[in-house]
Amino acid sequence: MVQSKATTVKDYLAGLPEDRRTAIQAVREVILENLDHEFEEGMQYGMIGYYVPHSVYPPGYHCDPRQPLGFACLASQKNHMALYLMCVYGDQNQRKWFEAEWKKAGKKLDMGKSCVRFKKLDDLALGVIGETIRRVTARKFIAICEQALSSRQKAPAKKAATARKAAKPARSKKSATKSPRAAARR
């Protein structure tokens with residue numbers, strides 16, 4: 001991932017080649033037109049970020065509480081441009097809706113867990129992006145994140161118990177004596 005050293009959105013945009021600046025600016029305008037008033041725009045992780053500020057959500061991002069809670073990012077990467085949608089990553093219902101709407105728009109979706117990759121503006125379903133941003137208020141996003149953290153904190157105990165059971169496979173004497181590696185370890 002390419003990280004910009006820009007400290008402002010204006011500087012970030014100024015540092016882009018013209019074709020990428022035009023595409024990033026168009027996506028940025030769609031985001032800003034649909035963004036809940038409690039989110040803020042600024043530089044985050046070397047990209048244009050949209051986040052819940054500490055004034056709204058004091059705990060911030062759980063992995064680094066000094067950072068505000070990230071909602072979306074927009075970036076020009078080495079081989080593509082990318083829109084990172086944490087609201088799609090953190091909510092399976094939102095993701096299903098997003099994928100279905102993208103398909104209805106007739107566009108090919110090139111997406112990772114949260115990252116929508118694109119090479120040109122025409123690759124994007126801007127209406128779907130705008131509606132995705134509009135559907136998730138800052139308060140709703142906070143609730144989604146807190147729910148995910150709550151269920152994540154409960155899950156490791158179950159996973160650890162399952163892992164311990166799986167780590168103790170039953171071994172017969174035949175299988176242990178047939179394996180040259182097993183014999184060498186003894």
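Counting from 1, the numbers follow the sequence of the chain as shown.
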Whether the side chain of Lys107 engages the backbone of Asp122 through a donor-acceptor N/O pair (distance < 3.5 Å, no angle test) should be reported.
yes

Are any of the side-chain heavy atoms of Tyr89 and Lys113 separated by less than 4.5 Å?
yes

Nearest 0.5 Å, what's the CH2-CZ distance between Trp97 and Arg135?
4.5 Å

Side-chain touch Val56/Ile142, heavy atoms, less than 4.5 angstrom
yes

NZ/Lys119 to CE/Met81 distance, rounded to the nearest 0.5 angstrom?
9.0 Å

Does any part of the side chain of Tyr12, heavy atoms only, come nearer than 4.5 Å to the side chain of Thr7, both counted from C-beta?
no

Closer than 3.5 angstrom, by distance alone: can the side chain of Glu101 be matched with the main-chain N or O of Lys96 as a donor-acceptor pair?
no

Is any side-chain N of the basic residue among Glu99 and Arg95 closer than 4.0 Å to the acidic one's carboxylate O?
yes

One pair to check against side-chain contact (heavy atoms from CB on, under 4.5 Å): Leu74 and Met47. What are the steps and the verdict?
CA-CA 6 Å; Leu74 186 55; Met47 302 177 273; over 6 Å; no

Would you find more than 12 non-hydrogen atoms of other residues, nucleotides or ligands less than 6.0 Å from Lys140 atom NZ?
yes

dist Ser55:OG -> Glu40:CD (nearest 0.5 Å) comes out at 5.5 Å

Write down the atom of Leu121, the atom of Ala26, and the distance for their closest heavy-atom approach.
CD2-CB, 3.6 Å

Within-4.5 Å side-chain heavy-atom neighbours: Cys73 and Ile48
no

Before giving the answer on side-chain contact (heavy atoms from CB on, under 4.5 Å), spell out for Val27 and Leu126 the whole-Å C-alpha distance, their side-chain angles and the decisive distance to 0.1 Å.
CA-CA 7 Å; Val27 178; Leu126 291 174; 4.1 Å; yes

What closest approach, in Å, do Phe98 and Met111 show between heavy atoms, and which atom pair accounts for it?
CE2-SD, 3.7 Å

Output yes when a side-chain donor or acceptor of Ser150 lies under 3.5 Å from a complementary backbone atom of Glu146, and no otherwise.
no

Kindly compute the distance separating CD1 (Ile31) from CG (Leu85), expressed to the nearest 0.5 Å.
7.0 Å

Side-chain H-bond candidate by donor/acceptor type, Thr22 with Asp19, under 3.5 Å:
no

Does Asp36 use its side chain to pair, donor to acceptor, with the backbone of Ala138 at less than 3.5 Å?
yes

Donor-acceptor pair, Arg117 side chain versus His80 backbone, under 3.5 Å?
no

Leu83, Tyr51: one ILVMFWY side-chain cluster at the under-4.5 Å cut-off?
no

Nearest 0.5 Å, please: how far is OH in Tyr84 from OG in Ser114?
7.5 Å

Output yes when Glu33 and Arg134 qualify as a salt bridge under the 4.0 Å nitrogen-oxygen rule, no when they do not.
no

Closest heavy-atom pair, Leu13 versus Gln25, reported as atoms and distance to 0.1 Å, is CD1-OE1, 3.0 Å

Side-chain donor or acceptor of Arg20 paired with backbone N/O of Gln77 under 3.5 Å
yes

Look at the rings of Phe39 and Phe141 and say which category their plane angle falls in: under 30° parallel, 30 to 60° tilted, over 60° perpendicular.
tilted

Does some side-chain heavy atom of Leu124 sit less than 4.5 Å from a side-chain heavy atom of Val30?
no

Interatomic distance, CD1@Ile133 vs OH@Tyr50, rounded to 0.5 Å, equals 8.5 Å

Are Pro68 and Val52 close enough that some pair of their side-chain heavy atoms sits under 4.5 Å apart?
no

Main chain of Cys87, side chain of Asp91: is a donor-acceptor contact present, judged purely on distance under 3.5 Å?
no

Kindly determine whether Arg66 and Asp64 satisfy salt bridge (charged side-chain N to carboxylate O under 4.0 Å, His left out), including the steps that lead there.
CA-CA 5 Å; Arg66 295 170 297 169; Asp64 182 358; 2.9 Å; yes

Stepwise side-chain contact (heavy atoms from CB on, under 4.5 Å) test for Val136 and Gln94
CA-CA 9 Å; Val136 184; Gln94 180 80 346; 3.4 Å; yes

